[in-house]
*Asks:* 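Starting off with a structure, shown below.
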Amino acid sequence: MPTAVILMNLGTPEEPTAPAVRQFLREFLGDPRVVEIPRPLWMAILHGFVLPFRPKRIAPAYEEIWNRGLDGEPVEGSPIHYYTRRQVELLQARLADNRPDITVDYAMTYGKPGLDSTVARLRREGFDSFLILPLYPQYSATTTGAIYDQVARIYRTNRDIPDISVVRDYYRHSLYIRALANSVREHWETHGAAEKLLLSFHGIPKANVRKGDPYETQCRETARHLAAELGLPDDRWQVCFQSRFGKAEWLQPYTDKTLEAWGREGLASVDVICPAFASDCLETIEEIAEENRANFQRAGGGEYRYIPALNARPDHIDALAAIIEEKIPLAC
Ligand SMILES: C=CC1=C(C)c2cc3[nH]c(cc4nc(cc5[nH]c(cc1n2)c(C)c5CCC(=O)O)C(CCC(=O)O)=C4C)c(C)c3C=C
Ligand SMILES: [Fe+2]
Ligand SMILES: [Fe+2]
């Protein structure tokens with residue numbers, strides 16, 4: 001049976017302007033999976049304090065990365081959108097020979113194109129079987145959980161329900177770990193290995209983990225597998241969590257505080273990798289490759305090198321293809 005694979009990523013504003021960022025944040029931060037503060041209180045905060053101010057502050061950061069990836073690499077539009085589309089093209093080409101039964105497409109959890117409209121279009125094209133591959137190696141209710149909600153909405157609003165399955169996580173898939181390890185080794189071959197490897201994962205509130213979100217465990221396991229694959233001793237690497245939002249306590253140690261402390265201690269060099277991001281985006285390019293570099297060096301640190309996300313690397317495409325083929329066995 002022909003199956004449509006839908007890669008899903010977080011999403012991004014339509015353009016790098018305050019109104020477009022506001023529209024994106026309204027949808028994203030309005031999702032109860034993302035912010036679990038009681039609804040009436042959060043709606044008052046979101047509409048009274050966040051949406052009037054944050055878009056104006058964040059739009060210039062989007063402007064910085066728009067049409068430019070890492071080190072000014074030319075990309076079209078927002079990097080997360082660009083790399084997700086590249087992954088679709090490369091996966092389709094990679095699967096073309098062996099798996100003509102599989103078509104690859106994409107959707108964003110927030111912003112465009114949405115899952116509803118992508119599934120509706122593919123159904124008009126004749127697909128009734130779907131595999132959704134969230135580009136989040138580590139499951140969190142705040143990301144992958146939100147995608148399950150959108151699938152549930154499709155079930156709820158269709159009479160003739162399509163067959164949809166979702167890849168819950170792939171944080172310990174051997175080809176994902178191998179692709180991460182290859183990217184670090186290649187980086188070391190070019191630049192030499194830094195004193196420390198910092199593995200920076202997107203954070204979530206600590207309370208979410210206390211209530212049962214397995215994200216932290218999966219991040220720490222990813223890190224252990226990667227360090228083992230690299231043969232890196234425990235004193236050479238550290239897990240941290242970035243992109244804290246709001247006043248509540250998030251997973252620790254925080255990436256920015258750790259880098260500032262290492263800078264103050266005079267660390268001569270650090271390599272930084274972000275294994276939770278399948279594609280470079282605002283949070284890796286602007287926050288990690290630029291802002292945290294400046295903070296580390298201002299505090300007294302030495303060389304700071306960001307190792308790009310797996311993006312369009314052939315070994316990343318191989319890993320995604322293997323995950324898909326394991327979920328959609330060839331019909332005999
Ligand atoms: C407010 C709560 C947030 C949670 C929880 C959260 C979890 C989370 N996010 C990602 C991946 C990405 N987040 C990105 C941007 C982003 N994230 C938040 C907030 C939370 N994220 C905000 C408000 C923003 C927008 C930028 C800003 O205003 O600071 C992005 C980048 C999107 C882009 O356009 O490039 C990604 C990717 C993960 C993996 C995760 C939990 C595991
Ligand atoms: Fe986020
Ligand atoms: Fe950020």
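Fair warning: this is a prediction, and the values are worked out from it, not measured in the lab. Computation of the quantities below employed the complete heavy-atom set of this structure, encompassing side-chain atoms and omitting hydrogens, waters and symmetry-equivalent molecules. Counting starts at 1 for both ligands and their atoms, following the listed order. For reference, positions follow the sequence shown, starting with 1.
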*Asks:* Side-chain contact, heavy-atom cut-off 4.5 Å: L46 with L51?
*Replies:* yes
*Asks:* I want to know if ligand 1 touches N9 in the polar sense, i.e. an N/O pair below 3.5 angstrom.
*Replies:* no
*Asks:* Report, in ascending order of atom number, the atoms of ligand 1 lying under 4.0 Å from any heavy atom of T12.
*Replies:* 33 (C), 34 (O)
*Asks:* Once the angle between the rings of F245 and W42 is folded into 0 to 90°, is it parallel (under 30°), tilted (30 to 60°) or perpendicular (over 60°)?
*Replies:* perpendicular
*Asks:* Quick one, I58 with L282, criterion side chain to side chain contact (heavy atoms under 4.5 Å, CB included). Give me CA distance, side-chain angles, the key distance, then yes/no.
*Replies:* CA-CA 10 Å; I58 299 293; L282 184 75; 4.1 Å; yes
*Asks:* Anything under 30° is parallel, anything over 60° is perpendicular, the rest tilted; go ahead and classify Y170 against Y176.
*Replies:* perpendicular
*Asks:* Looking only at protein heavy atoms, which one is nearest to atom 33 (C) of ligand 1, and what is the separation?
*Replies:* Y62 OH, 3.3 Å
*Asks:* For atom 22 (C) of ligand 1, grab the closest protein heavy atom and report residue, atom and distance to one decimal in Å.
*Replies:* F28 CE2, 3.5 Å
*Asks:* Should the pair H191 and H187 be assigned to parallel (<30°), tilted (30 to 60°) or perpendicular (>60°) ring geometry?
*Replies:* tilted
*Asks:* In terms of residue, atom name and distance, what is the protein heavy atom nearest to atom 40 (C) of ligand 1?
*Replies:* T143 CG2, 3.4 Å
*Asks:* Name the orientation class of the two ring planes belonging to Y62 and F24 (parallel below 30°, tilted from 30 to 60°, perpendicular beyond 60°).
*Replies:* perpendicular
*Asks:* Hey, is ligand 1 close enough to Y215 that some N/O pair sits below 3.5 Å?
*Replies:* no
*Asks:* Of all the N, O or S atoms in E287, which has the shortest distance to the Fe ion (ligand 3)?
*Replies:* OE1
*Asks:* N/O to N/O below 3.5 Å, does that happen between L282 and ligand 1?
*Replies:* yes
*Asks:* Among all protein heavy atoms, pick the one closest to atom 32 (C) of ligand 1 and tell me residue, atom and distance.
*Replies:* G11 O, 3.5 Å
*Asks:* For atom 1 (C) of ligand 1, find the nearest protein heavy atom and state the residue, atom name and distance (0.1 Å precision).
*Replies:* F245 CD2, 3.3 Å
*Asks:* For W262 and F296, indicate whether the former's side chain and the latter's backbone hold a donor-acceptor pair under 3.5 Å.
*Replies:* no
*Asks:* Before signing off on this row, confirm whether H202 and ligand 1 have an N or O atom pair separated by under 3.5 Å.
*Replies:* yes
*Asks:* How far is atom 27 (C) of ligand 1 from its nearest protein heavy atom, and which residue and atom name does that atom have?
*Replies:* R54 NH2, 3.4 Å
*Asks:* Does E286 bring an N, O or S atom to under 2.8 Å of the Fe ion (ligand 3)?
*Replies:* no
*Asks:* Could you point out which residue of L198, L259, D271 forms a side chain to side chain contact (heavy atoms under 4.5 Å, CB included) with Y304?
*Replies:* L259
*Asks:* Taking only heavy atoms of L10 into account, list the atoms of ligand 1 that are under 4.0 Å away from them.
*Replies:* 12 (C), 13 (N), 14 (C), 30 (C), 32 (C), 36 (C)
*Asks:* Would you say the side chain of L320 lies within less than 4.5 Å of the side chain of V5, judging by non-hydrogen atoms?
*Replies:* no
*Asks:* I need the nearest protein heavy-atom contact for atom 25 (C) of ligand 1: residue, atom name and distance, please.
*Replies:* L25 CD2, 4.0 Å
*Asks:* I'd like to know if the side chain of R178 reaches the main chain of H173, judged simply by a donor and an acceptor atom lying under 3.5 Å from each other, with no hydrogens or angles considered.
*Replies:* no
*Asks:* Is a donor on one side and an acceptor on the other found under 3.5 Å between the side chain of E15 and the backbone of G77?
*Replies:* no
*Asks:* For atom 14 (C) of ligand 1, what is the nearest protein heavy atom, given as residue, atom name and distance?
*Replies:* E283 CG, 3.4 Å
*Asks:* Mind checking whether W250 contacts ligand 1 via backbone (N, CA, C, O), side chain (CB onward), both or neither, at a 4.0 Å heavy-atom cut-off?
*Replies:* side chain
*Asks:* Find all atoms of ligand 1 within a distance of less than 4.0 Å from any non-hydrogen atom belonging to I204, and give their numbers and elements.
*Replies:* 41 (C), 42 (C)
*Asks:* As an exercise, identify every atom of ligand 1 less than 4.0 angstrom from a heavy atom of I80.
*Replies:* 35 (O), 37 (C)
*Asks:* Salt-bridge test for R86 and E89: reply yes if a basic N is under 4.0 Å from a carboxylate O, no otherwise.
*Replies:* yes
